[in-house]
Amino acid sequence: MLDPRLLRESPDTVRAAIAKKHLDLDLDAVLAIDTAWRTQLAEVEQLRSKQKAANNEMVALRKGSPEFLAKVQEMKAVSAEVKAREEGLKGLEEKWQQAMLTLPNIPHATVPAGRTPEDNQICATQGDVAAVSALAVPHWEIPGFERLFDFARGAKVTGAGFPFYVGDGARLVRALVQFFLHEGVAAGYTEVNPPILVNAASATAVGQLPDKEGMMYETTPDHLYAVPTAETPLTNFFRDEIVDEASLPVCRCAYTPCFRREAGSYGKDVRGLNRLHQFDKVELLKWVHPSQSYAELEKLRLDAERLLQKLELPYHVLLMCGGDMGFAQAKKDDLEVWAAGPKRWLEVSSCSNFEAFQARRAQIRFRNTATGKPELVHTLNGSGLAVPRVLAALLENNLQADGRVKIPAALVPYFGKEYLSFQ
RNA sequence: GGAGAGGUGGCAGAGUGGUCUAUCGUACCUGACUCGAAAUCAGGCGUGCCCGCAAGGGUACCGUGGGUUCGAAUCCCACCCUCUCCGCCA
C-alpha cells in the first residue's frame, strides 16, 4: 500500500507511476473517495465529541432527576445520528481501503521505461552460452528422464504438475536445497524453517489475498493456505511489530516447498520441470533501514548470482522495465539461467525492493532512535534459488555423450558423486 | 476431541456500567544530588487516524467481530489465541 499522504500531497507522482507501470486506473476517482471519507470522518468525530461532553455533564447530575432525563432524551437523537453516519463511514472506509490497494508502488528512478519483457534491460551475462549448446536436448527428452522425474505417477497420485522425484532425481533436489541453504547461511542469512500453511491475515498482508490470480491452494475446513513461496510466512514473521533499529538489517533464508495453482497458465511453458504446482525453493529475505535498501538489493542479487556462478551455469541479469516489473515492487532484478535444450532463458530468481509498500500493509516498523518515532522498514526478497529450473538447466547444460550428467564441483559434496545417472 | 482458567500499554498488574483522559509498580528518557556511579528525589514516557504551516486540537484502540445502552475495558452473543488437566497421536 502507498502512503496516503503521498497521494494527497503529490498526486502527480502517483499518476506518473501508474503510467510507467502501464496500468489503467482512474486516480481522480481514488482522490474523490479519499476526500469523501475524510469529510465523513470529521463529521462523525465531531458528533462523538458532543457525546463525550454530554456524558461528562451527566455524571454531575443526580441520576433520575428531570435534568438528567432531559439529557438522556437529547442524547438519544445524537446517538441515533452517530449510528447512522457510522454506517456510511464504514462503507466509505471499505471503499477507501480497496481504492488504496489498487495504487501501485512507485518505480525507482533507475527503472527503465517500457511495457513488455523485450523492454527489460540486460545488465550482465555470465558464462558461455554457445559452449553448452552442442549436444543438448530439452530435459524431458533425455533418455530415462521419466525414471527420475515421474510425472505420470505424480498425475495419478495427485494431479498434473506434481511429479515424483526418484533416485538420483530426488538426490539432486536434496543436494540443491542443502547447497542453497548452506550458501545462504554463509552469506549471513539466518536459516528459518517456517510454517507452510498460513492464515488469511498473513496472505492478505503480502497481497496474495484477495486471490485475484487463483494462485493459492486453500484447505478445508480451517481455511489455511498452502504457501506459494516462503516469502509469505517469512515476511509475516514481524507483522504488527516494532523491531529494534540496531537489529537492522535482518537477513533470513528459508527452504519451503511452494504450492501454486497457476490457474489460467495452462499451455504456457508447461513441459518438464518449467512450471509445477509444487516445487522447492530457498528464499532470501531482508528487513532493512530505508536508507540502505538499494545497497542491500545489490547485495541480495549478488548473493543469488553467486549460486549460479558456483554451479557454473550461464545466466544473465535483467533490470525489469516499468511495465513488466509487477505491482508492489519499486525495483526488480531477474536472474535467468540458460536452458541449453530449448535454447531459452529461464527465470530462477526475482530480486525485489518493495521499499515500504509491503511493510505498510503488514505494519512492520522500527523505532528511529533519533526521533523516537516508529517508521516503516523496507523489505526485500529474492529466490536463492528455485530448484526445478536450476535442475533442468543442470541436466541440459551438463549432459554428457554417455547420457550421464556431470555434477558441478561445488555441488559434488552435497550430491555425493560426480555424475547423475538416468539408469 | 472433552473439562476448566485466562487474554488490559515494553514487562508486571488493578479496574465488574458514568471524571477511565486506564491506578500502582517496573523498565526506559531527562534533570537534581555526586569527582563519577549506585541509591534517592522531581518530571517525562503507548499506537493509529483526522484537522492544522505550526503550536496544538479532535477521535479511536483493553484478544477479534457483532449486540444492548444516553454512555461499555466493564453486561450479552459468536469467534480466535494462550495455559492446566484428561483423551488421542509421530
Side-chain angles (χ1 to χ4, degrees), chain A residues 1-10 30-101 103 193 195-205 209 218-225 233 236-248 356-377:
Chain A
M1 197 167 101
L2 274 186
D3 188 347
R5 269 177 288 256
L6 181 71
L7 174 68
R8 287 164 204 157
E9 288 162 19
S10 181
V30 178
L31 282 163
I33 290 168
D34 183 54
T35 306
W37 169 67
R38 284 191 289 165
T39 308
Q40 184 80 340
L41 180 65
E43 284 174 13
V44 169
E45 289 196 344
Q46 201 181 341
L47 284 171
R48 282 207 273 246
S49 180
K50 211 161 157 187
Q51 280 185 307
K52 266 177 121 167
N55 192 37
N56 288 342
E57 288 175 40
M58 288 169 81
V59 169
L61 296 172
R62 190 163 43 81
K63 212 173 254 189
S65 67
E67 299 92 332
F68 186 90
L69 294 174
K71 208 74 193 168
V72 168
Q73 282 313 309
E74 187 191 332
M75 282 302 114
K76 270 189 179 176
V78 175
S79 181
E81 198 182 346
V82 168
K83 210 165 256 186
R85 288 190 185 232
E86 266 179 347
E87 202 122 322
L89 181 66
K90 221 164 123 185
L92 273 172
E93 212 170 293
E94 263 164 44
K95 271 171 82 178
W96 183 85
Q97 276 281 351
Q98 292 206 330
M100 286 305 296
L101 291 176
L103 301 180
N193 189 334
I196 57 173
L197 294 179
V198 297
N199 58 31
S202 295
T204 305
L209 280 179
E218 182 179 1
T219 66
T220 50
D222 297 306
H223 302 289
L224 297 174
Y225 298 84
N236 277 283
F237 189 91
F238 291 119
R239 171 154 56 87
D240 298 323
E241 291 190 27
I242 298 174
V243 302
D244 206 2
E245 185 177 24
S247 70
L248 301 177
F357 198 81
Q358 274 188 335
R360 182 169 295 105
R361 198 156 167 180
Q363 282 300 301
I364 306 168
R365 295 173 292 174
F366 69 96
R367 191 172 298 281
N368 185 322
T369 45
T371 63
K373 291 288 165 201
E375 286 177 30
L376 296 163
V377 300

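Just so it is clear, the structure is predicted and the values come from calculations on it, not from any experiment. The chains referred to below are lettered A, B, ... by the order of the sequence lines, with proteins before strands, and numbering in each begins at 1.
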Nearest to side-chain heavy atoms of [X], which nucleotide of [options]:
{"X": "A/Leu41", "options": "B/rU47, B/rC49, B/rC70", "answer": "B/rC49"}
{"X": "A/Pro374", "options": "B/rA60, B/rC70, B/rG48", "answer": "B/rG48"}
{"X": "A/Val59", "options": "B/rG18, B/rC70, B/rU59", "answer": "B/rG18"}

Taking the [atom1] atom in each of [N] and [M], what is the distance between them to the nearest angstrom?
{"N": "B/rC79", "M": "B/rG2", "atom1": "P", "answer": "12 Å"}
{"N": "B/rA39", "M": "B/rC28", "atom1": "P", "answer": "9 Å"}
{"N": "B/rG67", "M": "B/rA73", "atom1": "P", "answer": "15 Å"}
{"N": "B/rC77", "M": "B/rC88", "atom1": "C1'", "answer": "32 Å"}
{"N": "B/rC49", "M": "B/rC11", "atom1": "C1'", "answer": "27 Å"}
{"N": "B/rA54", "M": "B/rG66", "atom1": "C1'", "answer": "41 Å"}
{"N": "B/rA60", "M": "B/rA3", "atom1": "C1'", "answer": "38 Å"}
{"N": "B/rG6", "M": "B/rA12", "atom1": "C1'", "answer": "16 Å"}

Under a 3.5 Å limit for both distances, which nucleotide forms a Watson-Crick or G-U wobble pair with [N], could you say?
{"N": "B/rU19", "answer": "none"}
{"N": "B/rC89", "answer": "none"}
{"N": "B/rC61", "answer": "B/rG46"}
{"N": "B/rA32", "answer": "B/rU40"}
{"N": "B/rA27", "answer": "none"}
{"N": "B/rA55", "answer": "none"}
{"N": "B/rG4", "answer": "B/rC83"}

Tell me the interatomic distance from [X], atom [atom1], to [N], atom [atom2], rounded to whole angstroms.
{"X": "A/Lys76", "N": "B/rU68", "atom1": "NZ", "atom2": "P", "answer": "13 Å"}
{"X": "A/Asn55", "N": "B/rU59", "atom1": "CG", "atom2": "C1'", "answer": "15 Å"}
{"X": "A/Gln51", "N": "B/rG18", "atom1": "CD", "atom2": "P", "answer": "17 Å"}
{"X": "A/Gln73", "N": "B/rG71", "atom1": "CD", "atom2": "P", "answer": "12 Å"}
{"X": "A/Arg367", "N": "B/rA27", "atom1": "CZ", "atom2": "C1'", "answer": "14 Å"}
{"X": "A/Lys83", "N": "B/rG66", "atom1": "NZ", "atom2": "C1'", "answer": "12 Å"}
{"X": "A/Ile242", "N": "B/rG46", "atom1": "CD1", "atom2": "C1'", "answer": "9 Å"}
{"X": "A/His223", "N": "B/rC79", "atom1": "NE2", "atom2": "P", "answer": "14 Å"}

task: Scan side-chain atoms only and decide if A/Glu375 and A/Asn368 contain a donor-acceptor pair under the 3.5 Å cut-off.
output: yes
Will you find, in the side chains of A/Asn199 and A/Ser202, an N or O donor that is under 3.5 Å from an N or O acceptor? yes
> Does some side-chain heavy atom of A/Leu89 sit less than 4.5 Å from a side-chain heavy atom of A/Glu93?
Replying inline: yes
(message) What I'd like to find out is whether the side chain of A/Phe366 reaches to under 4.5 Å of the side chain of A/Leu248, using heavy atoms alone.
(response) yes
Comparing A/Arg5 with A/Ala54, nearest RNA chain B nucleotide closer to 5' gives the residue A/Ala54
Assign each of A/Met58 and A/Lys373 the nucleotide of RNA chain B bearing its closest heavy atom; nearer the 5' end lies the nucleotide of A/Lys373
Are [X] and [Y] close enough for a salt bridge, meaning some N to O gap below 4.0 Å?
{"X": "A/Asp34", "Y": "A/Arg8", "answer": "yes"}
{"X": "A/Glu86", "Y": "A/Lys83", "answer": "no"}
{"X": "A/Arg85", "Y": "A/Glu81", "answer": "yes"}

Next on the checklist: At 4.0 Å (heavy atoms only), tell me whether A/Trp96 reaches a base, stays on the sugar-phosphate, or touches nothing.
Outcome noted: nothing
Inset, instruction - Just call it for A/Lys50: base, sugar-phosphate, or nothing, with non-hydrogen atoms closer than 4.0 Å on any strand. - result: nothing
Give a yes/no on whether any side-chain N or O of [X] is located under 4.0 angstrom from OP1 or OP2 of [N].
{"X": "A/Lys52", "N": "B/rA60", "answer": "yes"}
{"X": "A/Arg365", "N": "B/rG48", "answer": "yes"}
{"X": "A/Arg38", "N": "B/rC51", "answer": "yes"}
{"X": "A/Ser79", "N": "B/rC70", "answer": "no"}
{"X": "A/Lys90", "N": "B/rA60", "answer": "no"}

Open item on the list: Under a 3.5 Å distance rule, please check whether A/Arg361 uses its side chain to pair with a backbone N or O of A/Thr204 as donor and acceptor.
Closed with: yes
- Query: So does A/Glu45 reach the base of B/rG58 with its side chain, donor to acceptor, closer than 3.5 Å?
  - Reply: yes
